[in-house]
Amino acid sequence: MKPDIFMKRGRDMVKKEELPACPVATTVGLIGGKWKLLILRNLLARTWRFNELQRDLSGVSQKVLTENLREMEEDGLIIRTVYPEVPPRVEYSLSGLGESMRPIIRTMEAWGLEYKRQFAEEG
């Protein structure tokens, strides 16, 4: 199922027909920015609760993490599950669409490791 509304831009939603012509720009629109990539990295490993993510992502504020998680949920990358408990328990996991980004994140990881290796050899 592909939603008619695809990516969030500010307070407005971008419809599929309004997506950038460039597929790289579309991808960057979905996962661009420091926090979304790191959230994806974490969710590739397992399901996380909000406070766990906030603790693990050093430097992210509650507001920024909440905004990024909401955008990623609206874009169909993650699933937010609320359990009817007291206190409420909320968990975040990858959707099928989010899971399809695994090769992208793994390629970025491999590139970063190789870059660090080369940098270490030069310095």
Side-chain angles (χ1 to χ4, degrees):
M1 178 173 100
K2 294 183 180 177
D4 286 335
I5 296 175
F6 191 66
M7 294 188 322
K8 186 174 180 173
R9 284 285 168 259
R11 296 186 62 90
D12 300 323
M13 297 299 285
V14 175
K15 294 187 182 286
K16 283 191 290 188
E17 57 272 7
E18 298 171 346
L19 290 172
C22 174
V24 173
T26 299
T27 305
V28 169
L30 286 169
I31 62 169
K34 175 181 180 179
W35 301 117
K36 286 183 181 179
L37 285 169
L38 296 177
I39 291 166
L40 275 174
R41 177 206 61 196
N42 283 17
L43 292 177
L44 284 170
R46 64 177 176 89
T47 296
W48 291 71
R49 294 177 72 174
F50 183 89
N51 287 336
E52 291 177 314
L53 281 170
Q54 189 173 19
R55 276 192 302 273
D56 193 70
L57 302 173
S58 301
V60 68
S61 69
Q62 180 176 343
K63 177 182 181 278
V64 169
L65 181 57
T66 298
E67 287 172 356
N68 278 268
L69 288 168
R70 283 187 183 147
E71 288 175 9
M72 293 172 76
E73 182 182 14
E74 290 169 0
D75 290 338
L77 296 173
I78 65 172
I79 298 168
R80 180 178 183 263
T81 305
V82 180
Y83 295 91
E85 302 172 352
V86 178
R89 178 170 48 114
V90 179
E91 293 182 341
Y92 296 90
S93 59
L94 289 179
S95 66
L97 183 62
E99 183 64 40
S100 73
M101 300 198 97
R102 182 178 294 275
I104 296 168
I105 304 301
R106 292 297 172 235
T107 299
M108 291 175 74
E109 177 184 38
W111 187 92
L113 287 169
E114 179 61 18
Y115 178 82
K116 289 173 73 173
R117 186 191 63 76
Q118 288 180 7
F119 189 73
E121 288 176 1
E122 292 174 6

Q: Following the transitive rule for hydrophobic clusters with a side-chain heavy-atom cut-off under 4.5 Å over Ile, Leu, Val, Met, Phe, Trp and Tyr, establish whether Tyr83 and Leu53 coincide in one cluster.
A: no
Q) Could you give the distance from CD (Glu99) to CD1 (Ile105), rounded to the nearest 0.5 Å? A) 11.0 Å
Q. What about Ile79 and Val90, same hydrophobic cluster or not, with Ile/Leu/Val/Met/Phe/Trp/Tyr joined at side-chain heavy-atom distances under 4.5 Å?
A. no
Q.
Please find the pair of heavy atoms, one from Leu43 and one from Tyr92, that lie closest to each other, and give the distance.
A. CD2-O, 3.2 Å
Q. If you take all heavy atoms of Leu37 and Ile31, which pair is closest and at what distance?
A. CG-O, 3.3 Å
**Q.** Backbone of Trp111 reached by a side-chain donor or acceptor of Glu114 within 3.5 Å
**A.** no
**Q.** Nearest heavy-atom neighbours spanning Val60 and Gln54
**A.** O-NE2, 3.8 Å
Q. Do Glu74 and Arg70 sit within salt-bridge range, that is, some charged N less than 4.0 Å from a carboxylate O?
A. no
Q: Output, in order, the C-alpha distance, side-chain angles, deciding distance and verdict of side-chain contact (heavy atoms from CB on, under 4.5 Å) for Leu77 and Leu94.
A: CA-CA 6 Å; Leu77 296 173; Leu94 289 179; 5.8 Å; no
Q.
To the closest 0.5 Å, what do you measure between CE (Met108) and CG (Leu40)?
A. 9.5 Å
Q | Approximate separation, where rounding is to 0.5 Å, of Leu19 CG and Thr26 OG1 | A | 5.0 Å
**Q.** Polar side-chain atom of Thr47 near backbone of Glu91 as donor-acceptor pair, under 3.5 Å
**A.** no
Q. What is the minimum heavy-atom distance between Leu44 and Arg102, and which atoms define it?
A. O-NH2, 3.0 Å
**Q.** Atom of Leu30, atom of Lys36 and distance for their closest heavy-atom approach
**A.** O-CD, 3.4 Å
Q) What's the verdict on side-chain contact (heavy atoms from CB on, under 4.5 Å) for Leu65 and Ile39, showing C-alpha distance, side-chain angles and the deciding distance? A) CA-CA 9 Å; Leu65 181 57; Ile39 291 166; 3.6 Å; yes
Q. How long is the span from the OG atom in Ser95 to the CZ atom in Arg80, to the nearest 0.5 Å?
A. 15.0 Å
Q: Output the distance between atom CH2 (Trp35) and atom CZ (Arg41), rounded to the nearest 0.5 Å.
A: 9.5 Å
Q) To the nearest 0.5 Å, what is the distance between CG (Asn42) and CG (Asp56)? A) 4.5 Å
Q. Are any of the side-chain nitrogens in Glu109 or Arg106 under 4.0 Å away from the carboxylate oxygens of its partner?
A. yes
**Q.** Single-linkage hydrophobic cluster, 4.5 Å side-chain cutoff, Leu113 and Phe119 together
**A.** no
Q: Indicate the atoms forming the closest heavy-atom contact of Trp48 with Arg46, along with that distance.
A: CD1-O, 3.0 Å
